[in-house]
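Input: a single structure, listed below in structure tokens.
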Amino acid sequence: MTSLKPVRGTRDIMNEECRGHRHVASVGRDIARRYGFTEIATPIFEFSEVFKRTLGEASDIVTKEMYAFEDRGGSEITLRPEGTAGIARAFISNGLTQNLPCKFFYEGPMFRYERPQKGRLRQFHQVGVEILGVPTPQADIEVIALGAQMLGELGVGDKTVLEINSLGDRESRAAYRDVLVAYFTGHRDALSEDSRARLERNPLRILDSKDKGDRELIAEAPDMSDYLNEGSRAFFDTVLDGLESLGVEMSVNPRLVRGLDYYCHTAFEFTTEVLGAQGAVIAGGRYDGLIEQMGGPSTPGVGWAAGIERLSMLLSEPPALPRPIAVIPVGEGAQGPAMGIAHTLRENGYVVDMGYSGNLAKRMKRADRMNACAAVILGDDELERNSATLRDLDSGEQSEIPLDDLTDRLSAFR
RNA sequence: GUGGCUGUAGCUCAGUUGGUUAGAGCGCCGGCUUGUGGAGCCGGAUGUCGUGGGUUCAAAUCCCAUCAGCCACCCCA
């Protein structure tokens with residue numbers, strides 16, 4: 001009995017919801033194509049090592065959120081929790097290191113073993129983009145502009161804001177980390193329990209703690225921007241200037257950090273207020289160390305991932321379905337010819353519905369429920385005259401027309 | 001992993017201090033209408049009351065456990 005329910009944190013996506021998801025993915029795909037990205041579909045599972053190496057052994061995703069199992073051959077396998085690691089692996093596996101830059105778009109399901117809540121599922125879907133091999137800020141500007149454009153074309157631009165920060169290069173980040181640890185260690189007793197743990201593990205994360213006491217300390221904490229070295233500062237300024245010149249609105253948030261180890265320089269999120277606690281709809285940044293960390297040649301990268309479920313929750317209306325034309329046979333003798341007409345219309349690109357049973361009244365009712373725009377009624381009378389009755393279901397007007405003219409006459413309803 | 005709230009028809013929900021055959025609206029099916037939909041009228045079907053246990057003469061109702069959903073923490077898309 002319980003096995004007839006979907007597994008916790010998974011769901012069946014259908015009808016309007018499915019159309020919403022498709023819409024988000026196809027808008028993303030289309031815009032990415034306009035920016036010169038090509039699509040890549042990597043496997044939805046990889047050797048566990050791929051994620052452990054890239055995400056950082058201590059990250060939450062690796063320590064408690066991976067869907068990991070041993071397969072029949074004894075390999076340690078993990079359902080991908082995010083897209084970048086698999087793409088980095090594919091980039092190395094396929095020898096693309098000789099073919100830079102690479103610009104990838106991807107779309108598909110991701111898996112994390114988490115407690116479900118609003119905007120958070122165990123199987124969820126992302127679209128994402130990655131640029132590999134471009135060390136300069138132009139790539140950061142391009143991917144962020146792409147994200148902003150996608151939100152705009154989805155009609156949710158006014159519900160989201162872009163927050164951006166720089167984590168600096170390795171040197172800057174290490175320097176900042178040291179002063180931050182020193183600062184928070186000085187206030188250790190005032191920190192929340194969670195943040196005391198973060199102090200050991202990932203001190204930058206204290207900066208986005210929601211704890212009230214922590215927030216007071218954070219307000220007084222040293223700013224990342226004061227610890228960026230010259231190169232990192234210039235890099236960040238170029239990104240900000242570039243976005244501004246493209247008209248991308250943003251707000252610099254010095255407390256914005258990243259959970260995953262491989263980020264450096266630019267970190268950004270497009271967030272919304274209307275989704276509850278899970279406000280990030282697009283998140284990403286630069287990850288210059290990732291490919292090397294995986295065992296490939298040192299290759300810079302920058303990209304983002306967007307949550308399809310979260311974005312489609314922001315959509316006001318998924319795009320409408322095309323209205324079908326109902327083909328309605330009356331009487332046994334009309335079945336075959338009606339099937340033929342439906343077939344011809346479908347070959348000509350029309351959306352055609354033909355029910356499987358019922359008299360004329362029932363089929364008309366069904367056509368109405370399906371929001372059909374027209375009905376093609378075919379009975380013995382019409383058959384004798386080699387014609388059909390065409391009824392406009394909005395106006396109620398109908399007329400008999402020769403079968404040979406049907407395809408053309410229906411163009412008014414396309 | 002932690003905490004709070006909630007599980008009754010396909011959907012939204014009602015169900016009194018435990019008491020007989022568990023209800024409504026919407027939807028669905030059928031009829032009024034055997035060649036005409038949307039409106040109307042008439043009729044109909046549908047529930048392991050999330051699951052398992054317990055208390056009781058009697059449980060949708062009380063108790064325990066469990067599962068799931070929602071919301072928040074954590075973390076993140």
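Below, read A as the first sequence line, B as the second, and so on, with proteins coming before strands; counting in each chain starts at 1.
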Could you please name the partner base of [N], counting Watson-Crick and G-U wobble pairs only when both distances are under 3.5 Å?
N: A77(B); value: none
N: A14(B); value: none
N: A58(B); value: none
N: A45(B); value: none
N: A72(B); value: U2(B)
N: A9(B); value: none
N: G35(B); value: none

Taking the [atom1] atom of each, how far is [N] from [M], in whole Å?
N: G3(B); M: C11(B); atom1: C1'; answer: 30 Å
N: A72(B); M: G15(B); atom1: P; answer: 27 Å
N: A45(B); M: G23(B); atom1: C1'; answer: 15 Å
N: U20(B); M: G38(B); atom1: C1'; answer: 44 Å
N: U34(B); M: A22(B); atom1: P; answer: 37 Å
N: A59(B); M: G44(B); atom1: P; answer: 30 Å
N: G50(B); M: C13(B); atom1: P; answer: 15 Å
N: U6(B); M: U51(B); atom1: C1'; answer: 16 Å

Checking all strands, does [X] fall into the base, sugar-phosphate, or nothing category for heavy-atom contacts under 4.0 angstrom?
X: Leu311(A); answer: nothing
X: Gly396(A); answer: base
X: Gln398(A); answer: base
X: Asp394(A); answer: base
X: Gly119(A); answer: base
X: Gly9(A); answer: sugar-phosphate
X: Ala280(A); answer: sugar-phosphate
X: Glu193(A); answer: nothing
X: Arg115(A); answer: base

Any side-chain N or O of [X] below 4.0 angstrom from OP1/OP2 of [N]?
X: Gln117(A); N: A72(B); answer: yes
X: Arg205(A); N: C76(B); answer: yes
X: Lys210(A); N: C73(B); answer: yes
X: Lys362(A); N: G31(B); answer: yes

Side-chain donor or acceptor of [X] under 3.5 Å from a matching atom on the base of [N]?
X: Arg120(A); N: C75(B); value: yes
X: Arg310(A); N: C76(B); value: yes
X: Glu65(A); N: G1(B); value: no
X: Arg366(A); N: G37(B); value: no

Review point. So is Arg112(A) actually on top of Phe124(A)'s ring, under 6.0 Å and inside 45° of the axis?
Key: no
Ring geometry between [Y] and [X] (parallel below 30°, tilted from 30 to 60°, perpendicular above 60°):
X: His187(A); Y: Tyr183(A); answer: tilted
X: Tyr113(A); Y: Tyr67(A); answer: perpendicular
X: His125(A); Y: His21(A); answer: tilted

Are [X] and [Y] within salt-bridge range, i.e. N to O under 4.0 Å?
X: Glu49(A); Y: Arg89(A); answer: no
X: Arg33(A); Y: Asp30(A); answer: yes
X: Glu400(A); Y: Arg409(A); answer: no

Check your understanding: Which comes earlier along RNA chain B counting from the 5' end, the contact point of Leu378(A) or that of Val281(A), where each point is its nearest nucleotide?
Key -> Leu378(A)
Practice item. Using heavy atoms to find the nearest nucleotide of RNA chain B for Ala372(A) and Arg369(A) separately, return the residue whose nucleotide is more 5′. Key: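 The residue whose closest nucleotide sits nearer the 5' end is Arg369(A).
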Report the distance from atom [atom1] of [X] to atom [atom2] of [N], rounded to the nearest whole Å.
X: Asp368(A); N: G37(B); atom1: CG; atom2: C1'; value: 5 Å
X: Glu82(A); N: C75(B); atom1: CD; atom2: P; value: 18 Å
X: Asp194(A); N: C73(B); atom1: CG; atom2: P; value: 11 Å
X: Met313(A); N: C70(B); atom1: CE; atom2: C1'; value: 13 Å
X: Lys365(A); N: G27(B); atom1: NZ; atom2: C1'; value: 13 Å
X: Glu114(A); N: C70(B); atom1: CD; atom2: P; value: 13 Å
X: Asn359(A); N: G31(B); atom1: CG; atom2: P; value: 7 Å
X: Tyr263(A); N: C76(B); atom1: OH; atom2: C1'; value: 10 Å

Study note, to complete from the structure: Between Arg286(A) and the options Asp169(A), Asp140(A), Thr266(A), the side chain to side chain donor-acceptor pair (under 3.5 Å) test singles out Asp140(A)
Point to revise | Pair Asp214(A)-Leu191(A), side-chain contact (heavy atoms from CB on, under 4.5 Å): steps then yes or no | key: CA-CA 6 Å; Asp214(A) 287 352; Leu191(A) 280 176; 3.5 Å; yes
With respect to the side chain of [X], which nucleotide from [options] is positioned closest?
X: Arg8(A); options: G35(B), G69(B), G37(B); value: G69(B)
X: Arg198(A); options: C76(B), G38(B), C74(B); value: C74(B)
X: Ile377(A); options: G35(B), C76(B), C74(B); value: G35(B)
X: Lys5(A); options: G35(B), C67(B), G37(B); value: C67(B)
X: Pro116(A); options: G37(B), C76(B), C70(B); value: C70(B)

Check your understanding: Could you state the interatomic distance from CD (Glu114(A)) to CG (Leu121(A)), rounded to the nearest 0.5 Å?
Key ->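 Going from CD on Glu114(A) over to CG on Leu121(A), the span is 9.5 Å.
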